[in-house]
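Below is one structure; the comments refer to it alone.
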Amino acid sequence: MNLLLDTHVLLWAAGSSERLPEEGRSLLEDQETQPVFSAASIWEIAIKSGTGRPDFRVNPHLLRRGLLENGYTELPVTGVHAVAVVLLPPLHKDPFDRILIAQAQVEGIMLLTADKMVGRYPGPIRVL
């Protein structure tokens, strides 16, 4: 199963953080799971690490390279994903979360998130 990680879950998984719930850890360790990250998450990390946010203290270049070297698949943002955002109900204003939701819906990939607000959207979303 392909599993798209939202940005925080991605950071927790990449950093072996204790913040990654056991359920998420189990899913990622499953041999049937193909972890996927969005180019939008790398963009979000690049922007927020530049502002000095403590929860985004990571080099986006090194993170991306490490993810690819560890078997993660990168999902580019396409025009189809971008226009799908307009179909989302206005539950959440974060543009990065909204593009991840749209990507999950368009691609039919389960989005793994810790954000309960994201979990309110229709589609393949699993809240940890």
Side-chain angles (χ1 to χ4, degrees):
M1 145 176 83
N2 288 339
L3 192 61
L4 177 62
L5 280 61
D6 85 357
T7 305
H8 275 102
V9 173
L10 180 67
L11 287 170
W12 298 339
S16 300
S17 172
E18 65 281 349
R19 295 195 62 192
L20 180 63
E22 183 58 39
E23 178 186 0
R25 198 175 320 281
S26 294
L27 284 168
L28 291 171
E29 290 172 354
D30 185 331
Q31 295 298 316
E32 299 296 316
T33 298
Q34 174 57 53
V36 178
F37 69 94
S38 173
S41 289
I42 301 300
W43 182 26
E44 179 179 14
I45 291 164
I47 290 170
K48 293 180 178 176
S49 69
T51 66
R53 277 191 49 177
D55 54 338
F56 286 89
R57 286 192 183 147
V58 62
N59 180 315
H61 174 76
L62 294 177
L63 174 65
R64 180 180 178 273
R65 183 171 53 186
L67 292 168
L68 292 171
E69 288 173 355
N70 283 288
Y72 283 64
T73 300
E74 182 174 24
L75 179 62
V77 176
T78 69
V80 173
H81 300 144
V83 298
V85 169
V86 77
L87 302 174
L88 297 176
L91 303 175
H92 201 334
K93 294 184 191 243
D94 184 312
F96 295 107
D97 286 337
R98 291 175 63 79
I99 195 69
L100 292 173
I101 296 160
Q103 285 183 298
Q105 289 179 349
V106 168
E107 301 297 328
I109 298 173
M110 180 69 64
L111 175 61
L112 189 61
T113 183
D115 187 331
K116 289 180 176 48
M117 182 63 75
V118 170
R120 293 177 54 201
Y121 282 89
I125 300 170
R126 186 165 181 174
V127 180
L128 295 175

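Because the structure is predicted, anything quoted here is derived from the model rather than measured. The first residue in the sequence is number 1, and the count goes up from there.
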Exercise. Show your working on side-chain contact (heavy atoms from CB on, under 4.5 Å) between Leu88 and Gln105 and close with a plain yes or no.
Key: CA-CA 10 Å; Leu88 297 176; Gln105 289 179 349; 3.3 Å; yes
Quiz item: Could you go step by step and tell me if Glu74 and Leu68 meet the side-chain contact (heavy atoms from CB on, under 4.5 Å) rule?
Solution: CA-CA 7 Å; Glu74 182 174 24; Leu68 292 171; 4.2 Å; yes
Exercise. Show your reasoning for whether side-chain contact (heavy atoms from CB on, under 4.5 Å) applies to Leu100 and Phe96.
Key: CA-CA 6 Å; Leu100 292 173; Phe96 295 107; 5.5 Å; no
Practice problem: Apply the test salt bridge (charged side-chain N to carboxylate O under 4.0 Å, His left out) to residues Glu44 and Lys48: give CA-CA distance (whole Å), side-chain angles for both, the deciding distance (0.1 Å), then the verdict. | Solution: CA-CA 6 Å; Glu44 179 179 14; Lys48 293 180 178 176; 2.7 Å; yes
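For the residue pair Leu4 and Ala104, the shortest heavy atom distance occurs at CD2-N, 4.2 Å. Taking every heavy atom of both residues into account, Leu3 and Leu5 meet most closely at O-CD1, 3.2 Å. Minimum heavy-atom separation, Ala39 to Pro76: CB-CA, 4.2 Å.
Here the side chains of Asn2 and Leu75 are not in contact, with every heavy-atom distance at 4.5 Å or above. Taking the side chain as every heavy atom from C-beta outward, Ser38 and Val77 approach each other to under 4.5 Å. The closest side-chain heavy-atom distance from Leu63 to Leu11 is below 4.5 Å. In this structure, the side chains of Val127 and Val118 stay at 4.5 Å or more apart for every pair of heavy atoms. Considering only heavy atoms from C-beta on, Met1 stays 4.5 Å or farther from Asp30 through its side chain. Looking at Gln103 and Val36, their side chains never come closer than 4.5 Å, going by heavy atoms from C-beta outward. The closest side-chain heavy-atom distance from Tyr121 to Asp97 is not below 4.5 Å. At least one side-chain heavy atom of His81 sits under 4.5 Å from a side-chain heavy atom of Ile99.
If you take CZ on Arg98 and CG on Leu87, they are separated by 10.0 Å, rounding to the nearest 0.5 Å. With values rounded to the nearest 0.5 angstrom, Leu111 atom CG is found 12.0 Å from Arg126 atom CZ. With rounding to the nearest 0.5 angstrom, the CZ atom of Arg64 is 16.0 Å from the CH2 atom of Trp43. Separation of atoms OG1 (Thr113) and CG (Leu128) is listed at 7.5 Å; rounding is to 0.5 Å.
Put simply, the residue from Ile125, Leu27, Asp6 that forms a side chain to side chain contact (heavy atoms under 4.5 Å, CB included) with Leu112 is Leu27. Checked options Arg120, His8, His92; the residue passing with Asp115 is His92 (criterion: side-chain hydrogen bond (donor to acceptor under 3.5 Å, both in side chains)).
Both Leu28 and Leu10 are part of a single hydrophobic cluster, where members link through side-chain heavy atoms under 4.5 Å apart. In the hydrophobic clustering of this structure, Met117 groups with Ile101; members are Ile, Leu, Val, Met, Phe, Trp, Tyr whose side-chain heavy atoms approach within less than 4.5 Å, directly or through other members.
Aromatic ring pairs are classed by plane angle as parallel below 30°, tilted from 30° to 60° and perpendicular above 60°; the pair Phe37 and Tyr72 is tilted.
A 6.0 Å sphere centred on CD of Glu22 holds more than 12 heavy atoms belonging to other residues, nucleotides or ligands. Atom CZ of Arg19 sits in a sparse spot, with 12 or fewer heavy atoms from other residues, nucleotides or ligands closer than 6.0 Å.
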